[in-house]
> 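One structure, as structure tokens, below. Some questions next.
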There are 2 protein chains.
Amino acid sequence: MSTQPEPPPPDDETTLRLEQFLPYRLNVVGFYASRALGRIYSERFGIGIPEWRVIAQLGEFGKLTSRDIGELSQMHKTKVSRAVGELEKRGLTSRSENREDRREAFISLTPRGSRTYAEIVPLALAFQARWTEGLPADDLRVFERVLSILAERGRHLAGGYHESEA
Amino acid sequence: MSTQPEPPPPDDETTLRLEQFLPYRLNVVGFYASRALGRIYSERFGIGIPEWRVIAQLGEFGKLTSRDIGELSQMHKTKVSRAVGELEKRGLTSRSENREDRREAFISLTPRGSRTYAEIVPLALAFQARWTEGLPADDLRVFERVLSILAERGRHLAGGYHESEA
DNA sequence: CTCAGTTAGTTACAGATGAAACTAATGTCA
DNA sequence: TGACATTAGTTTCATCTGTAACTAACTGAG
């Protein structure tokens, strides 16, 4: 067993219970989610979370610029750049130049990338299902609604990657 | 304005909507939380999230070993080690050897550390209050309950830092 | 007591990350 | 047309992070 810390002091406004502090809790849960999924992705497919997000967006939308991918999946442009580079190296995505604007390129899944996507999706959905298994549908609806609101507010509180200095 | 991606395909079992995928959403929200708070901590106090967590636990429990801190705040032991080292260097925490077991040491806040704690707590609570402002108390209760369950399950799905190979 | 096994904590190392600088292309305004 | 600002994307660099290896101390079976 472990050293048991003494019971916490009473709840007043000068003390904060970290284990009840929402930002902390959200961060911890999000971390668990990433780690568990990341393990699946890396063990079975040899990719990480950023690569998964790119694949997921391409599987959903078909053809996107790196900029769009970053926007949609909330990733820093350097992270997108590296993830796309890695996926391309592994033959899961390909680039096609945009003649209308030669700064950007359209990224899409190769046939092999699509196959990987088709393999991952059921695993991801099963993981989610297992995680939320047995929770009352009503509660889950409320949870998701609140989560959306917190995400929306959080985006502003945190500032995006780009407008952070605005 | 930005390039608008085409509307997503219909919802079937072979496609996954990342923006509705729970692990993704939790991770993003947790990330916003960390970033917003981290900004406050670093701007006003020159510390990061790991240091804040250490301070928070010490402010709550008074005196802990590094091991306890890691357990309580879900941080890897190397992260704790470095955070404690940093705080000590800045004179916010101090170490006292445990005569009963000289492998470990008790960490506690110095007077200066306690003052910093007292300054941060109201800011943190205000941040949380602002984030959840206006949300129905009932919804928030449901949200927190579901979050607890997801955290508990997530801890097992992800595996702890230590038992990960068990 | 002794030696193998475990535990608290640190350090070395390699990989991931984001800010800032950079390149190349486009947009704008006179 | 010709500067100047903006944007997509890459690269550089410094920092943060976790794994693994390590040290020092404790535990327990014999």
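What you see below is based on every heavy atom in this structure, not just the backbone, and it leaves out hydrogens, waters and symmetry mates. Naming: A, B, ... by sequence-line order, numbering from 1 per chain.
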> Would you say D:dT17 has OP1 or OP2 under 4.0 Å from some side-chain N or O of B:His76?
no
> Tell me: CH2 of B:Trp52 to C1' of D:dC16, nearest whole Å?
21 Å
> Give the nucleotide from the list C:dT11, D:dG9, C:dG9 with an atom nearest to the side chain of B:Thr78.
C:dT11
> Is the phosphate of C:dA8 approached by B:Thr65 (side-chain N or O, under 4.0 Å from OP1 or OP2)?
no
> Categorize B:Ser66 for me: base, sugar-phosphate, or nothing, with a 4.0 angstrom heavy-atom threshold over every strand shown.
sugar-phosphate
> Using whole Å, what does the distance between atom P of nucleotide D:dC26 and atom CD of B:Glu97 come to?
9 Å
> Distance criterion of 3.5 Å, no angle test: do you see the side chain of A:Arg82 paired donor-to-acceptor with the base of C:dG18?
yes
> Whole Å only: how far is the NZ atom of A:Lys79 from the C1' atom of C:dA19?
14 Å
> In whole angstrom, give the distance that lies between atom CD1 of B:Ile107 and atom P of C:dG9.
7 Å
> Nearest to the side chain of B:Phe31 - C:dG18, D:dT17, C:dT26?
C:dG18
> In whole Å, what is the span from the NZ atom of A:Lys77 to the P atom of C:dA16?
21 Å
> Quick check for you: among D:dT10, D:dA21, D:dA8, whose closest atom lies nearest to any side-chain atom of A:Arg67?
D:dA8
> For the pair made of CG in A:Asp101 and P in C:dT28, what is the distance, rounded to whole Å?
12 Å
> Where the side chain of A:Arg95 is defined as all heavy atoms beyond and including C-beta, which of D:dT10, C:dG9, C:dT17 is the nearest nucleotide?
D:dT10
> State, without any angle test, whether A:Ser148 and B:Arg25 hold a side-chain donor-acceptor pair at a distance under 3.5 Å.
yes
> What is the distance from atom CD of B:Glu51 to atom CD1 of B:Ile120, rounded to the nearest 0.5 Å?
10.0 Å
> Relative to the ring of B:Phe143, is the ring of A:Phe143 parallel (under 30°), tilted (30 to 60°) or perpendicular (over 60°)?
parallel
> Tell me the interatomic distance from A:Arg103, atom CZ, to C:dC22, atom C1', rounded to whole angstroms.
15 Å
> Measuring from A:Asn27:CG to A:Phe31:CZ, what's the distance to the nearest 0.5 Å?
9.0 Å
> Just the rounded figure in Å: distance from C1' of D:dG9 to CE of A:Met75.
14 Å
> Using a distance-only test with no angle check, is there a side-chain donor-acceptor pair under 3.5 angstrom linking B:Tyr24 and A:Gln74?
no
